[in-house]
Each structure stands twice: as C-alpha cells, then as structure tokens.
Amino acid sequence: NLCNGHEAALERVQGITNCELQFMNADILDSNTLDKVFNNFKPEAVIHFAGLKAVSESVADPLKYYEVNVGGSISLLKTMSKAKCNNIVFSSSATVYGDPQYLPYDEEHSTNPVNPYGRTKLMIENIINDWITTDSKRRGTILRYFNPVGAHESGQIGEEPIGTPNNLMPYIAQVADGRREYLNIFGNDYDTADGTGARDYIHVVDLALAHIGALNQNKLNKFEILNVGAGKSTTVLELLKKFEETSGVTINFKYLPRRDGDLAAFWADSSKAFEKIDWQPERNIKKICEDTWCWHKLNPTGYGPK
Ligand code: UFG
C-alpha cells in the first residue's frame with residue numbers, strides 16, 4: 001500500500017528487468033480487494049512481504065503491529081484459501097530467536113522474540129504452519145532474514161528510509177553523503193572483536209534470490225524454515241571502515257551507550273538453505289558498500305517526491 005514505499009521504485013524495476021509489472025495499490029487488510037486481485041491474476045504462489053518492520057514502533061504501538069502483520073496475514077491466507085492458491089513464501093526475521101543460546105543460530109534454535117515485532121513474525125510462522133496442515137496441496141516456506149543491506153548494482157533501486165534511519169547501513173551512507181554529521185555508535189563495550197555490536201549483513205540481491213529458490217520446491221518439505229544470512233558477523237566499526245574505503249569519505253562517529261534491546265552479536269548458520277534450495281550468498285561486505293554508495297550517489301534525494 002506504499003505506506004513505506006515508492007511507486008517510482010516499481011517503474012525502475014520495469015526498466016531494469018524489461019518486464020511489465022502490474023501494480024495494485026491496496027491494503028492487505030482489505031479482503032474484498034484481495035479477493036478481486038486473486039480472481040484477476042490467479043497466482044500460483046505468494047511471496048508475502050507486506051508488513052511493518054520497525055522494532056521501536058512495535059514497542060510504542062503493539063496493536064498496530066498485531067493488526068497489520070498478524071491480521072493482514074490471516075486476511076491474505078483466507079483469500080488464498082478461497083482462490084485455491086496453495087504456496088506461500090513468508091518474510092520472517094532472525095529476531096524470532098531472541099537471546100542466543102549458542103551461535104550461529106540454526107533453525108533448531110529456540111525461539112523467544114523480545115519485542116512485539118518479533119512476536120508477530122513468530123505468530124505468523126505458526127499460523128502458516130497450521131494453515132498448510134489443513135490441505136495436502138498447501139506449502140509454506142519461512143525465510144528468516146538476518147540484516148538486509150545494499151542496493152541493486154545498477155544504482156536504480158535502494159533503501160530510502162523515511163525520517164531518521166533506525167538501521168546502521170542507511171545511517172552510515174547518509175553521513176558519507178553529507179546529510180548527517182556523524183554516526184552514533186551504540187555501545188563499545190560488547191564482548192566482540194572491537195567492542196561494537198556485530199551482525200550478519202546480507203546483500204539484498206542475495207536475499208531476493210533466496211525467494212526464487214524457495215519457489216522451486218523440489219527439495220523442500222511441505223513446511224520449511226530457512227535462515228537467510230551470510231554466515232559471518234561484521235562489527236559496526238568494521239562496516240564503517242569498509243564504507244570509508246569504498247567511498248573515500250571519512251565517516252565521523254561518536255560512542256553512545258548501548259541501545260535498549262540490542263544483542264552483542266549474532267549470525268546465521270545458513271547451511272540448510274544451501275542444502276534445500278541451492279542458495280548461498282555471493283556478494284560480500286565490499287560489494288554491499290559499493291552498491292549502497294552507488295545508489296546514494298546516483299539518487300541524492302532518493303526517489304524524489306511521491
Ligand atoms: N547501530 C549503531 N548506530 C546506529 C544504528 C545501529 O551503532 O545508528 C548498531 C546497533 O547497535 C547494532 C548494529 O548497528 O549493533 C545493527 O543495527 P541495525 O539497527 O541496523 O539492525 P538490528 O540488528 O538492530 O535489527 C535489524 C532489523 C530488525 C531485524 C533484525 C534481524 O532492524 O528488524 O535486523 O537481524 F529483526
């Protein structure tokens with residue numbers, strides 16, 4: 001419904017792919033419109049990305065998150081049932097694991113999300129699991145994303161957060177392009193190589209390719225959960241240094257206390273995705289920084305006005 005997106009991005013996708021896209025501006029909670037869309041398009045499968053994704057907002061307004069994420073998923077599955085569309089690939093998150101009992105996280109790791117956003121993701125995973133068991137033809141594939149970053153290498157499509165970025169990579173890029181003076185680094189006393197938080201950054205194009213793999217069902221069970229991460233962690237300072245090398249710009253920073261709710265470090269064991277969908281990430285941190293910087297340089301004001 002474009003609440004956090006730009007129609008211009010879809011126009012650019014058509015330019016990159018030379019394919020025509022049909023776009024319907026509708027809300028996932030609007031069942032009547034969903035039914036009409038499914039009657040018109042008769043999709044074989046759904047890749048379900050429609051959700052809200054800001055952790056702090058989910059703490060401030062949990063009901064909105066349960067309504068849109070959980071309610072929206074129920075609305076979608078009801079429409080899929082009516083249309084006999086039996087295959088769903090769902091965007092979940094590594095945040096469902098919670099405090100690491102061991103690392104890297106594999107898909108068997110216990111789940112204990114610590115904020116409403118994470119709890120909506122886990123609920124939806126369970127709802128999909130219940131939904132697929134009621135019909136032998138139904139299938140559900142859950143992709144647990146780690147930290148998606150980067151942009152398409154054409155520099156045509158990328159991330160444009162509304163307001164102050166919450167996430168590290170867009171913040172670093174906005175310091176590099178002069179929109180912000182310095183980066184706040186939340187904590188330098190973690191038990192990591194340099195004391196700053198460490199995450200598993202995955203190039204958004206590698207992540208996109210995992211969805212294509214998930215639609216190719218041959219080795220997948222009826223219900224499958226797959227981690228989608230690079231399998232290694234990078235600290236805040238390491239990412240910042242790599243971005244400086246790529247852009248040639250010095251990125252000033254200040255240390256602040258730890259951010260509430262942040263974990264020290266986590267990363268993925270993504271070997272199951274390799275085994276089941278022949279997927280592995282091919283774009284490293286250098287490529288992530290190059291593509292992010294290219295997007296920023298070519299689009300200093302993002303997609304422009306809506
Ligand atoms: N950080 C800073 N300064 C900033 C922003 C972030 O130092 O301005 C640090 C954080 O403290 C953390 C690291 O950079 O150590 C990454 O933080 P992000 O906000 O970029 O990402 P998170 O790991 O906190 O969360 C992201 C998504 C979640 C998702 C999670 C799953 O925002 O929605 O990844 O891995 F659930």
Side-chain angles (χ1 to χ4, degrees), residues 4 49 51-59 65 69 90-100 103-105 107 109 111-122 124-125 142-150 159 161-176 179-204 207 210 226-243 251-270 281 285 288-289 292:
N4 197 22
F49 299 112
L52 300 172
K53 65 165 195 76
V55 173
S56 53
E57 188 187 37
S58 81
V59 175
Y65 272 67
N69 290 5
F90 173 60
S91 311
S92 188
S93 167
T95 201
V96 299
Y97 293 118
D99 225 355
L103 284 167
Y105 290 128
E107 292 85 353
H109 189 284
T111 47
N112 186 22
V114 294
N115 53 62
Y117 163 71
R119 283 190 276 274
T120 68
K121 290 290 178 189
L122 189 57
I124 300 162
E125 291 188 2
I142 308 299
L143 300 182
R144 288 183 177 159
Y145 300 4
F146 281 68
N147 287 50
V149 285
E159 187 176 7
I162 293 166
T164 310
N166 289 311
N167 296 117
L168 179 62
M169 191 54 155
Y171 210 109
I172 289 181
Q174 291 193 9
V175 177
R179 271 188 276 178
R180 299 190 187 270
E181 221 180 315
Y182 56 86
L183 171 73
N184 292 312
I185 298 184
F186 301 130
N188 63 344
D189 56 353
Y190 284 114
D191 184 16
T192 59
D194 54 30
T196 63
R199 294 290 181 275
D200 184 331
Y201 295 99
I202 175 83
H203 194 296
V204 67
L207 182 62
L226 302 174
N227 280 342
V228 190
K232 68 187 279 283
S233 72
T234 303
T235 67
V236 175
L237 280 179
E238 285 166 350
L239 191 62
L240 182 147
K241 292 287 163 230
K242 199 51 98 180
F243 207 92
I251 295 161
N252 295 320
F253 65 89
K254 287 186 184 169
Y255 288 120
L256 257 64
R258 294 178 178 192
R259 187 170 67 176
D260 266 0
D262 268 356
L263 296 167
F266 60 83
W267 63 98
D269 175 344
S270 292
I285 292 287
I288 284 170
C289 292
T292 306

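In each ligand, atom 1 is the first atom listed, and ligand 1 is the first ligand listed.
Between Tyr201 and ligand 1 there is a heavy-atom distance shorter than 4.0 Å. Within the structure, ligand 1 lacks Tyr190 among the residues with a heavy atom less than 4.0 angstrom away.
Side-chain atoms of Asn166 never come within 3.5 Å of backbone atoms of Ala54 as a donor-acceptor pair (strictly under, hydrogens ignored). A donor-acceptor pair under 3.5 Å is formed between the side chain of Arg258 and the backbone N or O of Asp189. Not one N or O on the side chain of Asn69 forms a donor-acceptor pair closer than 3.5 Å with the backbone of Thr120.
For ligand 1, the polar-atom distance check against Tyr145 finds no nitrogen or oxygen pair separated by under 3.5 Å. Distances between N or O atoms of Ile185 and those of ligand 1 include no value under 3.5 Å. Taking only nitrogen or oxygen atoms, main chain and side chain alike, Thr95 does not reach within less than 3.5 Å of ligand 1.
For atom 36 (F) of ligand 1, the nearest non-hydrogen atom of the protein is Ser93 OG, 2.8 Å. At the shortest separation from atom 11 (O) of ligand 1 among protein heavy atoms lies Asp262 OD2, 2.6 Å. With respect to atom 19 (O) of ligand 1, the closest heavy atom belonging to the protein is Arg259 NH2, 2.8 Å. Among protein heavy atoms, atom 12 (C) of ligand 1 sits closest to Arg199 NH2, 3.8 Å. Shortest contact from atom 9 (C) of ligand 1 to any protein heavy atom: Val236 CG2, 3.7 Å. Distance from atom 33 (O) of ligand 1 to its nearest protein heavy atom, with residue and atom name: Tyr117 CE2, 3.5 Å. Taking atom 7 (O) of ligand 1 as the reference point, the nearest protein heavy-atom neighbour is Phe186 N, 3.0 Å. Atom 26 (C) of ligand 1 has its closest protein heavy atom at Asn147 ND2, 3.6 Å.
Of all the heavy atoms of Met169, none lies under 4.0 Å from any atom of ligand 1, so neither backbone nor side chain is involved.
Close approach to Asn166 involves these atoms of ligand 1, each under 4.0 Å from a residue heavy atom: 5 (C), 19 (O). Residue-ligand proximity, Phe146 to ligand 1, at heavy-atom distances under 4.0 Å covers atoms 31 (C), 35 (O). Which parts of ligand 1 touch Lys53 is read off a 4.0 Å heavy-atom cut-off, strictly below it: atoms 33 (O).
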Working for side chain to side chain contact (heavy atoms under 4.5 Å, CB included), residues Thr164 and Arg180
CA-CA 9 Å; Thr164 310; Arg180 299 190 187 270; 3.9 Å; yes
Let me see the working for Ser93 and Tyr117 under side chain to side chain contact (heavy atoms under 4.5 Å, CB included), right down to the final yes or no.
CA-CA 9 Å; Ser93 167; Tyr117 163 71; 3.8 Å; yes
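No more than 12 heavy atoms of other residues, nucleotides or ligands shown are found within 6.0 angstrom of OH on Tyr182.
Taking CG of Leu103 as the start and CZ of Phe266 as the end, the distance is 9.0 Å to the nearest 0.5 Å.
Looking at Arg144 and Tyr105, their side chains never bring a donor and an acceptor atom within 3.5 Å of each other.
When Leu168, Thr164, Asn167, Asn184 are checked for heavy-atom proximity to atom 3 (N) of ligand 1, Asn184 turns out nearest.
With sequence neighbours excluded, the residues forming a side-chain contact (heavy atoms from CB on, under 4.5 Å) with Val149 are Met169, Tyr201, Ile288, listed by chain and number. Take Tyr65 and apply the ring pair (Phe, Tyr, Trp, His ring centres under 6.0 Å) test, not counting sequence neighbours, and it matches no residue.
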